[in-house]
S.K.: 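Please find one structure pasted underneath; my questions will follow.
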Amino acid sequence: MQVLSVHSWPQAIAHLDADAFFVSCEQASMPALKGKCVAVGKERGIIIALSYEAKAKGVKRGMFVSDAKRICPGIIILDSNHETYGLFSVRMFEILKRFSPKIEEYSVDEAFIDLTGLRRLYSCSYEEIAVKIQNTIEQELSISVSIGISITKVLAKIASKYKKPHGITAIPGNKIHLYLSNILIEDVWGIGPNTASLLKKFDIKTALDFALKNENFVKKYLSKPYIQIYKELKGEPSIEFIEKISPKSISKAKSFYPPSQKPEDLILPHQTMPFALSIYSLTLFLIMALKDRCFLFFKAISLAS
DNA sequence: TGGGGTCCT
DNA sequence: AGGACCC
């Protein structure tokens, strides 16, 4: 089936997906919870995230906490701590940047990493680079991640999901069809329920069925995003890599006049008010500019001479 | 499960 | 503005 065979690596894209991220962060902070049935979401009474042990007992996301306790007696339910997850996320992305300068932070627990051309630098295969990344994150943060590597973002997404948790999956260009034949069309990134049911009317059940259609069919029935997905499934890069990293730290400094040797002078309201206002406007700006792409918190407000 | 985001038409 | 899809 050489229709889908792409030789060499026009680009090498890794997709990293943390395993049960929220719960992993809690377990990393409280090692006694490792290996246990743990879930997060106590404050809302609904399960937001759960450990693989809890998944094995049949607990699901969105379940009422009361039902989860019935199905899985002894399950530990925690309040969620989004600030903590944000901190783990920041540190995870910082690790990724040590391996490649080109990172797309896709969500709090997911990233694309452009590894194109880095085999020489690391003297190893792309798959082995992924192993190093996985090990580094595990050693430094004590959380587990899965990584997929392939030649497009859509294929890398499929690869990262292929083996979970703690998986590494590489889909080289000459093995694309082997993987796609096992992927249901509705499990492809960007194909939702509507498009899946449309495609099923044409007897397209797997990602491979879709990738083997001719381009005229795709252009006739589907719009731009799906044409991109179609091309990416065939190993043809089409979805832009969005090099996006959120700023990790922003500081604002202000000098006070006249200079003083006495610290108590600095807390006079009329002197600190302009500073307070500038911090306030900076915070407003950040909230508008960043929305919830990152977590905002003050690390320090310091006075220095 | 659902609230909030992006991209496209 | 509305639709489809994502986390």
Side-chain angles (χ1 to χ4, degrees), chain A residues 13 15-25 39-50 54-55 58-71 77 79-82 84-86 88-90 92-93 103-113 143 145-148 152-161 164-165 183-201 204 207 210 218-233 237-246 286-296:
Chain A
I13 304 295
H15 177 257
L16 176 146
D17 195 346
D19 305 320
F21 183 61
F22 290 0
V23 169
S24 287
C25 294
V40 150
K42 190 173 173 210
E43 75 284 356
R44 295 181 58 200
I46 288 169
I47 305 292
I48 295 171
L50 57 157
K55 270 178 207 172
V59 181
K60 298 255 194 310
R61 261 168 48 119
M63 246 181 197
F64 289 120
V65 165
S66 50
D67 293 333
K69 283 181 173 162
R70 203 164 34 75
I71 293 174
I77 313 278
D79 286 330
S80 50
N81 290 295
H82 290 279
T84 304
Y85 313 148
F88 274 86
S89 180
V90 164
M92 189 171 81
F93 295 142
I103 305 293
E104 176 177 341
E105 296 182 2
Y106 182 69
S107 75
V108 68
D109 71 331
E110 283 182 45
F112 291 98
I113 310 140
I143 65 172
V145 302
S146 298
I147 301 178
T152 67
K153 288 170 79 177
V154 168
L155 290 170
K157 260 267 189 188
I158 287 172
S160 69
K161 195 157 71 169
K164 242 183 164 308
I183 304 297
L184 261 19
I185 190 65
E186 62 265 34
D187 290 338
V188 175
W189 181 44
I191 306 279
N194 282 303
T195 311
S197 67
L198 170 68
L199 292 176
K200 281 187 182 168
K201 291 195 174 76
I204 296 166
F210 187 39
V218 181
K219 286 183 170 162
K220 178 166 175 167
Y221 293 106
L222 299 167
S223 58
K224 183 175 167 182
Y226 305 98
I227 296 165
Q228 288 185 306
I229 292 167
Y230 167 76
K231 287 180 177 172
E232 292 241 328
L233 285 173
S238 182
I239 298 176
E240 197 189 353
F241 190 100
I242 304 162
E243 226 171 310
K244 190 174 57 185
I245 51 161
S246 26
L286 288 173
I287 288 168
M288 300 305 291
L290 301 170
K291 301 278 179 54
D292 63 351
R293 285 198 290 276
C294 69
F295 293 88
L296 277 178

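Just so it is clear, the structure is predicted and the values come from calculations on it, not from any experiment. Letters go in sequence order (proteins before strands), and every chain restarts at 1.
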S.K.: Just the rounded figure in Å: distance from C1' of C/dC7 to CG of A/Asp17.
M.R.: 10 Å
S.K.: Students often get this wrong, so: under 4.0 angstrom with heavy atoms, is A/Lys157 touching a base, only sugar-phosphate, or nothing?
M.R.: sugar-phosphate
S.K.: Starting from P on B/dC8, measure out to NZ on A/Lys219 and report it in whole angstrom.
M.R.: 16 Å
S.K.: Partners of A/Lys60 by side-chain hydrogen bond (donor to acceptor under 3.5 Å, both in side chains), sequence neighbours excluded?
M.R.: none
S.K.: B/dT1, C/dC7, C/dC5: which one has an atom nearest the side-chain heavy atoms of A/Arg61?
M.R.: B/dT1
S.K.: Write down the distance between CZ (A/Arg44) and P (B/dG2), rounded to a whole number of angstrom.
M.R.: 9 Å
S.K.: Which nucleotide in the set C/dC6, C/dA4, B/dC8 lies at the smallest distance from any side-chain heavy atom of A/Gln228?
M.R.: B/dC8
S.K.: Starting at CD of A/Glu240 and ending at P of B/dC8, how long is that distance when rounded to a whole Å?
M.R.: 10 Å
S.K.: Would you say a side-chain N or O of A/Thr195 is under 4.0 Å from OP1 or OP2 of C/dC5?
M.R.: yes
S.K.: From CG of A/Asn194 over to P of C/dA4, roughly how many Å is that when rounded to an integer?
M.R.: 5 Å
S.K.: What's the closest nucleotide to the side chain of A/Ile242 if the choices are B/dC7, C/dC7, B/dC8?
M.R.: B/dC7
S.K.: Looking at the side chain of A/Glu110, which of C/dC5, C/dC7, B/dC8 is the nearest nucleotide?
M.R.: C/dC7
S.K.: Would you kindly give the CG-to-C1' distance between A/Leu16 and C/dC7, to the nearest whole Å?
M.R.: 15 Å
S.K.: Whole Å only: how far is the CD atom of A/Glu186 from the C1' atom of C/dC6?
M.R.: 16 Å
S.K.: Please identify each residue that fulfils side-chain hydrogen bond (donor to acceptor under 3.5 Å, both in side chains) with A/Glu104, with sequence neighbours left out.
M.R.: A/Lys153
S.K.: Scan side-chain atoms only and decide if A/Ser146 and A/Asp19 contain a donor-acceptor pair under the 3.5 Å cut-off.
M.R.: yes
S.K.: Rounded to the nearest 0.5 Å, how far apart are CG of A/Leu199 and CD of A/Glu186?
M.R.: 10.0 Å
S.K.: Determine: side-chain N/O of A/Tyr226 to OP1/OP2 of B/dC8, distance under 4.0 Å, yes or no.
M.R.: no
S.K.: Considering every strand and a 4.0 Å limit on heavy-atom distances, what is the contact class for A/Ile191: base, sugar-phosphate, or nothing?
M.R.: sugar-phosphate
S.K.: Rounded to whole angstroms, how far apart are NZ on A/Lys153 and P on C/dC5?
M.R.: 18 Å
S.K.: Is there a side-chain contact between A/Tyr226 and A/Ile191 (heavy atoms, below 4.5 Å)?
M.R.: yes
